[in-house]
**Student:** 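One structure, as structure tokens, below. Some questions next.
Because the structure is a prediction, the values reported are computed rather than measured.
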Amino acid sequence: MMMLRAGNIVACTACRNLALSSVRVRFRMPLQKLQPLSHAVHHRYSSGSNPPRPPRCPAARQFTSLSRLPPRGQRSQHGGHHYQQRRTFWVARLAARLLKLRYILLGSAVGGGYTAKKTYDEWKDMLPDLSEYTWIVPDFIWELNEHINLEKIASVLPDTEELAKLLPDLEKIGENFTFLRSLLSNESSGEPTFKAMENQGSDTSDKQFKKDLLRELVLIQQQIQQHEEEAHRATASSSGPNPSPSQHKRKATDKEKIDQLQEELVRTQIKYQRMLERLEKENKELRKVVLQKDDKGIHQRKVKKSLIDMYSEVLDILSDYDSNYNTQDHLPRVVVVGDQSAGKTSVLEMIAQARIFPRGSGEMMTRSPVKVTLSEGPHHVAMFKDSTREFDLGKEEDLAALRHEIELRMRKSVREGQTVSPETISLSVKGPGIQRMVLVDLPGVISTVTTGMAADTKETIFSISKAYMQNPNAIILCIQDGSVDAERSIVTDLVSQMDPQGKRTIFVLTKVDLAEKNLASPSRIQQIVEGKLFPMKALGYFAVVTGKGSSNESIEAIKDYEEEFFQSSNLLKTGMLKAHQVTTKNLSLAVSDCFWKMVRESVEQQADAFKASRFNLETEWKNNYPRLRELDRNELFEKAKNEILDEVISLSQVTPKHWESILQKKLWERVSTHVIENIYLPAAQTMDSGTFNTTVDIKLKQWTDKQLPHKALEVAWETLQEEFARFMAEYKGKDQDDIFDKLKEAVKDESIKRHKWNERALDSLRVIQHNALEDRSITDKPQWDAAIQFMEETLQARLKDTDSVITDMVGPDWKQRWLNWTNRTSEQHIRNETKNELERLLKLHEDHTAYLANDEVTTVRKNLEAKGVEVDPVLIKDTWHQLYRRHFLQKALFHCNLCRRGFYYYQRHFVDSELECNDVVLFWRIQRMLGITANTLRQQLTNTEVRRLEKNVKEVLEDFAEDNEKKVQLITGRRVQLAEDLKKVREIQEKLEAFIEALHKEK
């Protein structure tokens, strides 16, 4: 024991020497921190973790040969304990060095990780919260991810070239977002929120925007390709040699299928067009909102527009304006009119220097007016008024996409049952060397209505042409086909009526190359271009060639052919035509000069007219609606939309207790007659309780299997409709406007019409009701009392109804006759006598069955005949039914009162008791079934149906928002029309003044 203690002391001393000699220099660590290490190395064989220290008393201390250590500098020359001691020092030194390297690495890693984490947290805390700027991207963009499978789309992606024909110019949209980001960074340097949005949110939103748009467009393209393939397959299958009668029928059905597929294809394309329009509208509104955000330090940046673009905007607004103050649109534009297939569209394409219009051989292609704004620009591009996509007219695929887009818009504008439409399609074309002007291409004038056209097509085209040409400042570009006889022209007479003096008409003779070949007398062309052949007059006459008749010719090829023709033509060589009268280039220069001359002469006068109209409209508003804001139809619709959505949200806040109460009440009103007449009354005719319960169980099972679940769903659907209508009607606040009543009623009706009740829960509801009706165990007295009360209220209501029916049958009694001076009718007198006779029968036989026997009917009839009353047996049975019903209900009520104290006997199963209350148990089962059914239906209403109805309301509002005709029908009145006129007139006046100012600067 002494030796072991001495060994421990030596080890501790050695550890201290080791710490002082090697570790102290590098770690500068106190000795007490190394003490656990020394214990771990040298004291492994100690019996306890804290060995007892030897007493300090020197008298009691025992010394051994190892009690005092040798000096520090001495080394043992011999083996034994001195050799083991030196070996122990070497092991300790090696362990210390290994531990030092390990903790250096571990400490460096921990310290570096902590520093990196702290730096990352500080950097993340400096970032702003971008959640409040999610409104910038439209809601429906985010919703696309929920309905589109990206992996499935990626597997069926079409070729890039095919997809590019239908996709909008995503690069242009990206440029718009880039412009917004640069605007935010330049104009709001003091706003870190917008900087963060530029650095982090823009790239993600652009990628998400393009990705989601691509998904939707690919799906629509797939639908179009699928419909086209089905149409081709149906066409191929319908063609075959020597068809039989059955094949004739199959051909007819295949043809109908082809027509149906083509109609569906057109509808899908129109849906795609609407989606693009809505997307472009959202992008435009986004840019407008961000530019007008002055409170964030962003000021509206003025974008310099060309003079012709400013003028075209005014014409676009005027095309939709209909004033009651006779401020007509007299601003100049070039109206292109001509016979069908006379070459109007080709002339426009030569002026625009691109084949931009749909074309067909001999059929009507222009079905609505197309306003084309021409201006000079560095790139040859085209763009629609309500779109931001630019079509590169130097690329054939963009030209094909543009022609397809124009054709789709024309089809969309034509109403069902019509051939042409007065709605204007606005298009702008820019390019180098293009003359600035605004042209309107009208449908070609026809002389005969052919198969497939509406009966009023000819008159409609005439009315559209007259509406544009009657403008006193419109320049009429009259197109005449030179390859046909001049006497067959219809348009010349029409132009002569609208401009008899020829002060604003320019005559153009097309297809001169064909005319020179076909006409025997070339002087006839000279008479036409000199205005001597037609009775009409014109400012100038031009002759042009618009190609060889092939739709694949390029504009450059047509120009070269036109120049070559006139250079070699005898018409110029012999002097029949002047050099300034030929080629479309000279024509466009002349039309442009005439157009701008007319604009400068008339624009200021038109601006003054709209200024006076604005004053009149503002005066009327101040006098009639002094306390109301000037809200136009779209603003009123948005206000009504918010109110309707608030009302729908209120529907989701109805308490479960209210739902269950009205559901239970309405369900009992619907099924109570069946329960009383078909279940309770037949079962009550039985003689014992066993037969009663058997009859009840059978009839309840049949009722549950066939009728009850359907009745319950009908009640739930009607309850939802009534509650929705109630909220729509009761939402009358101080700001409620009666002008919204028609719109709200239409939204309610359309939403209910679109809502389809989910009947998948029908089977589960049937099981729940069946289980509820099978239970007969009334557990406590309150449930028994509730069933008694339910039964009593039901029977009293039925008894009251029966008394009312009997009173109507027999007429007023003697008291009512004396007080009200009324008498019974002859039928009521017969009914009264029959009632008295039957009541005497009931008094004699109180336990009579529900039906009269034939001999009893005969006895009653003979008794009445003895009193001089002729009565029909049917009348006797009818009267008996009501009397017995009243008698039965009175007995049932009496029995119900007796059963109030019957719960004790019920618990003993009515053993040794004359009182049997099986009818109370029946009404308890019915009451419990009503409660459970109401709870189940309430859960389906609140969890599913109310939300689906809210979704339907939102969809209806979105559809109405895109349907201008629907808004005009539902939001009407002089107040609305006055606000619309005020908004239009102010906008027109402001744009006219800006245009006049720019026009003066250009001078």
Side-chain angles (χ1 to χ4, degrees), residues 305-337 369-375 385 422-424 426-428 435-442 464-477 495 498-506 539 591-621 630 632 977-1003:
K305 297 182 180 180
S306 64
L307 198 62
I308 191 64
D309 290 336
M310 297 172 65
Y311 185 76
S312 179
E313 286 183 0
V314 177
L315 295 182
D316 289 335
I317 300 172
L318 284 173
S319 64
D320 300 330
Y321 177 64
D322 182 17
S323 175
N324 294 329
Y325 284 85
N326 297 324
T327 308
Q328 298 179 0
D329 174 16
H330 289 166
L331 289 176
R333 71 263 283 162
V334 181
V335 180
V336 184
V337 295
V370 182
K371 182 177 76 67
V372 184
T373 303
L374 301 177
S375 60
K385 175 190 72 173
E423 296 182 15
T424 304
S426 296
L427 178 70
S428 63
Q435 298 299 317
R436 300 181 303 170
M437 68 184 89
V438 177
L439 302 100
V440 181
D441 185 20
L442 299 179
I464 294 174
S465 302
K466 288 181 179 180
Y468 278 91
M469 289 191 293
Q470 68 185 3
N471 178 2
N473 296 320
I475 301 170
I476 303 173
L477 197 62
V495 173
M498 305 309 298
D499 184 25
Q501 302 299 323
K503 295 182 178 180
R504 50 189 181 90
T505 301
I506 296 177
L539 287 173
V591 174
S592 178
D593 291 341
C594 184
F595 169 76
W596 284 107
K597 180 181 178 182
M598 193 76 74
V599 168
R600 290 186 175 90
E601 292 175 354
S602 60
V603 67
E604 293 188 0
Q605 180 181 1
Q606 191 75 15
D608 293 339
F610 278 103
K611 185 176 182 180
S613 177
R614 173 179 177 177
F615 175 79
N616 294 337
L617 293 172
E618 289 177 344
T619 303
E620 183 180 355
W621 184 273
E630 298 174 5
D632 61 8
Q977 189 60 45
L978 189 59
E980 287 280 315
D981 292 342
L982 264 172
K983 179 182 178 181
K984 290 289 185 182
V985 168
R986 285 173 180 160
E987 188 176 7
I988 292 170
Q989 184 191 358
E990 292 172 0
K991 290 189 177 295
L992 275 176
E993 290 177 353
F995 172 74
I996 292 172
E997 182 180 357
L999 187 65
H1000 288 226
K1001 289 182 180 179
E1002 190 180 65
K1003 290 181 180 180

**Student:** Going by heavy atoms in the side chains, are L307 and W596 under 4.5 Å from each other?
**Tutor:** yes
**Student:** Should R986 and R614 count as side-chain neighbours, where that means a heavy-atom distance under 4.5 Å?
**Tutor:** yes
**Student:** Check whether R333 reaches the backbone of Y468 with its side chain - one donor and one acceptor, N or O, closer than 3.5 Å.
**Tutor:** no
**Student:** Give the minimum heavy-atom separation between S602 and M598, together with the two atoms involved.
**Tutor:** OG-O, 2.8 Å
**Student:** How far apart are the closest heavy atoms of S592 and M437, and which atoms are they?
**Tutor:** CB-CE, 3.7 Å
**Student:** Would you indicate whether the side-chain heavy atoms of D499 and M469 approach each other to under 4.5 Å?
**Tutor:** no
**Student:** Would you check if E987 and E313 make a side-chain contact, meaning some heavy-atom pair closer than 4.5 Å?
**Tutor:** no
**Student:** Test K385 against S312 for side chain to side chain donor-acceptor pair (under 3.5 Å), laying out the working first.
**Tutor:** CA-CA 10 Å; K385 175 190 72 173; S312 179; over 6 Å; no
**Student:** Below 4.5 Å, heavy atoms only, C-beta onward: do K371 and V438 meet side chain to side chain?
**Tutor:** yes
**Student:** For residues S375 and Y311, determine if any side-chain heavy atom of one lies less than 4.5 Å from a side-chain heavy atom of the other.
**Tutor:** no
**Student:** Which residue, V314, I988, N471, forms the side chain to side chain contact (heavy atoms under 4.5 Å, CB included) with L331?
**Tutor:** V314
**Student:** For a 4.5 angstrom cut-off between non-hydrogen side-chain atoms, does K466 reach M498?
**Tutor:** yes
**Student:** Can Q977 and D981 be said to form a side chain to side chain donor-acceptor pair (under 3.5 Å), step by step?
**Tutor:** CA-CA 6 Å; Q977 189 60 45; D981 292 342; 3.1 Å; yes
**Student:** Report the distance from atom CZ of F995 to atom CG of L315, rounding to the nearest 0.5 Å.
**Tutor:** 9.0 Å
**Student:** Start with the C-alpha distance between V372 and D441, add both sets of side-chain angles, then the distance that settles side chain to side chain contact (heavy atoms under 4.5 Å, CB included), and finish with yes or no.
**Tutor:** CA-CA 8 Å; V372 184; D441 185 20; 5.7 Å; no
**Student:** Within the side chain of S613, is there an N or O that forms a donor-acceptor pair under 3.5 Å with the backbone of A609?
**Tutor:** no
**Student:** Could you grab the distance from atom CG of L442 to atom OG1 of T424, nearest 0.5 Å is fine?
**Tutor:** 8.5 Å
**Student:** If you measure from CG on L617 to NZ on K984, what distance do you get to the nearest 0.5 Å?
**Tutor:** 13.5 Å
**Student:** Going from CG on D632 to CG on L982, what distance comes out if it is rounded to the nearest 0.5 angstrom?
**Tutor:** 10.5 Å
**Student:** What distance separates E618 CD from L978 CG, expressed to the nearest 0.5 Å?
**Tutor:** 10.0 Å
**Student:** Passes side chain to side chain contact (heavy atoms under 4.5 Å, CB included), R600 versus L999? Steps please.
**Tutor:** CA-CA 8 Å; R600 290 186 175 90; L999 187 65; 4.0 Å; yes
**Student:** Quick one, I308 and L374 - any side-chain contact, counting heavy atoms below 4.5 Å?
**Tutor:** no
**Student:** Any idea which heavy atoms bring P369 and I464 closest together, and the distance?
**Tutor:** CG-CG2, 3.9 Å
**Student:** Measuring from atom CG of L539 to atom SG of C594, what distance do you get when rounded to the nearest 0.5 angstrom?
**Tutor:** 5.5 Å
